[in-house]
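See below for the structure under consideration.
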Amino acid sequence: MKADHTVVHLGPALAVSIAVLAVIAIAVNRYNDRALAAATARSATRAVCQLAVLAAVLALVIHALWASAVFVVVMAITAAATSAGRVSAAHRASVRKTIRCLVPVAASTILIVVTLVAVGVLPATGIAIIPTAGIMFGGAMNTTSIAGKRAHDELRTRHGEVEAALSLGFSSRDARLEIIRPTAATALIPGLDQTRSVGLVTIPGAFVGMVLGGASTTAAAIMQLFVLISLLAVSAVAALVTVEMVSRDLL
């Protein structure tokens with residue numbers, strides 16, 4: 001008899017559970033801030049729509065390498081636009097800032113994925129490339145958003161210190177960098193904590209997904225280690241590049 005490895009049962013009860021949890025999140029956030037509640041509702045609605053579209057699109061592109069590559073490019077642009085909006089505190093980021101955000105958000109991920117495919121570590125298939133790139137884009141996007149936003153916040157609140165450094169002969173880049181460099185450490189904290197606590201506090205999705213799919217726990221653990229270390233790498237690069245670009249007034 002075949003064992004049922006499904007972690008949840010799909011059906012009306014699951015749909016109702018998701019709706020109830022969304023309502024709870026919106027209601028609690030509304031108690032604190034109506035704008036936050038509205039943002040929560042929009043986020044939940046977008047998640048439903050985007051995941052539905054994702055399921056449909058992946059079914060079409062995942063079997064063709066060229067289509068998978070195009071999808072990865074779309075993912076990179078979307079991640080860059082999201083970070084650009086956060087960094088510039090604008091509802092919609094400009095095209096110029098979105099293009100510039102591609103450097104910290106996407107450059108290291110694309111380089112790593114292409115290298116892994118070239119050396120044979122990662123299969124040249126959409127089913128392998130799209131999820132791997134997506135995980136890395138997500139980590140780099142979050143780091144870029146946090147580092148960039150914190151950097152601009154620091155520059156606004158400590159403007160006098162920047163001016164003092166300029167009066168002492170510092171270049172504009174060096175004066176700004178002295179103020180914002182510590183923000184990189186803040187942006188990296190979530191990834192560091194996730195890596196340090198893996199297996200003790202959290203059991204990440206890649207591990208669970210592989211085990212439920214029938215892989216051995218050893219293979220799942222190795223794959224999860226790859227995901228975590230790759231996230232540390234792309235996040236470290238994203239933080240460094242973001243801070244450098246902000247110091248040069250490029251973001």
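Count residues from 1 along the sequence. What's counted below: heavy atoms across the whole structure, side chains too, no hydrogens, waters or symmetry copies. These numbers come from a predicted model, not from an experiment.
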List for me each residue that meets salt bridge (charged side-chain N to carboxylate O under 4.0 Å, His left out) alongside E163, sequence neighbours excluded, and say none if there are none.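 Expected list: none.
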
Using the salt bridge (charged side-chain N to carboxylate O under 4.0 Å, His left out) criterion, which residues pair with R181? Sequence neighbours excluded.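 R181 satisfies salt bridge (charged side-chain N to carboxylate O under 4.0 Å, His left out) with E178 only.
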
Applying side-chain contact (heavy atoms from CB on, under 4.5 Å), can you list everything that pairs with [X], at least two apart in sequence or on another chain?
X: V61; answer: V57, L58, A67, F71, I130
X: A236; answer: none
X: I99; answer: V95
X: R156; answer: H152, D153

Do [X] and [Y] come close enough that some side-chain heavy atom pair is under 4.5 Å?
X: I110; Y: F137; result: yes
X: I222; Y: L225; result: no
X: V121; Y: T115; result: no
X: T143; Y: V105; result: no

For the backbone of S145 and the side chain of R86, can you confirm whether one donor and one acceptor N or O come within less than 3.5 Å of each other?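 Flag not set: sc R86 to bb S145 has no pair under 3.5 Å.
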
Would you check, one step at a time, whether the test side chain to side chain contact (heavy atoms under 4.5 Å, CB included) holds for E244 with V241? CA-CA 5 Å; E244 183 65 32; V241 173; 5.7 Å; no

Taking 4.0 angstrom as the limit, do R173 and D249 come out as a salt bridge?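 Looking at D249 together with R173, the answer is no, because their closest N to O distance does not fall below 4.0 Å.
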
Candidate list T45, I26, V23, test side-chain contact (heavy atoms from CB on, under 4.5 Å), partner T40, passing option: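 Checked T45, I26, V23 against T40; only one passes side-chain contact (heavy atoms from CB on, under 4.5 Å): I26.
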
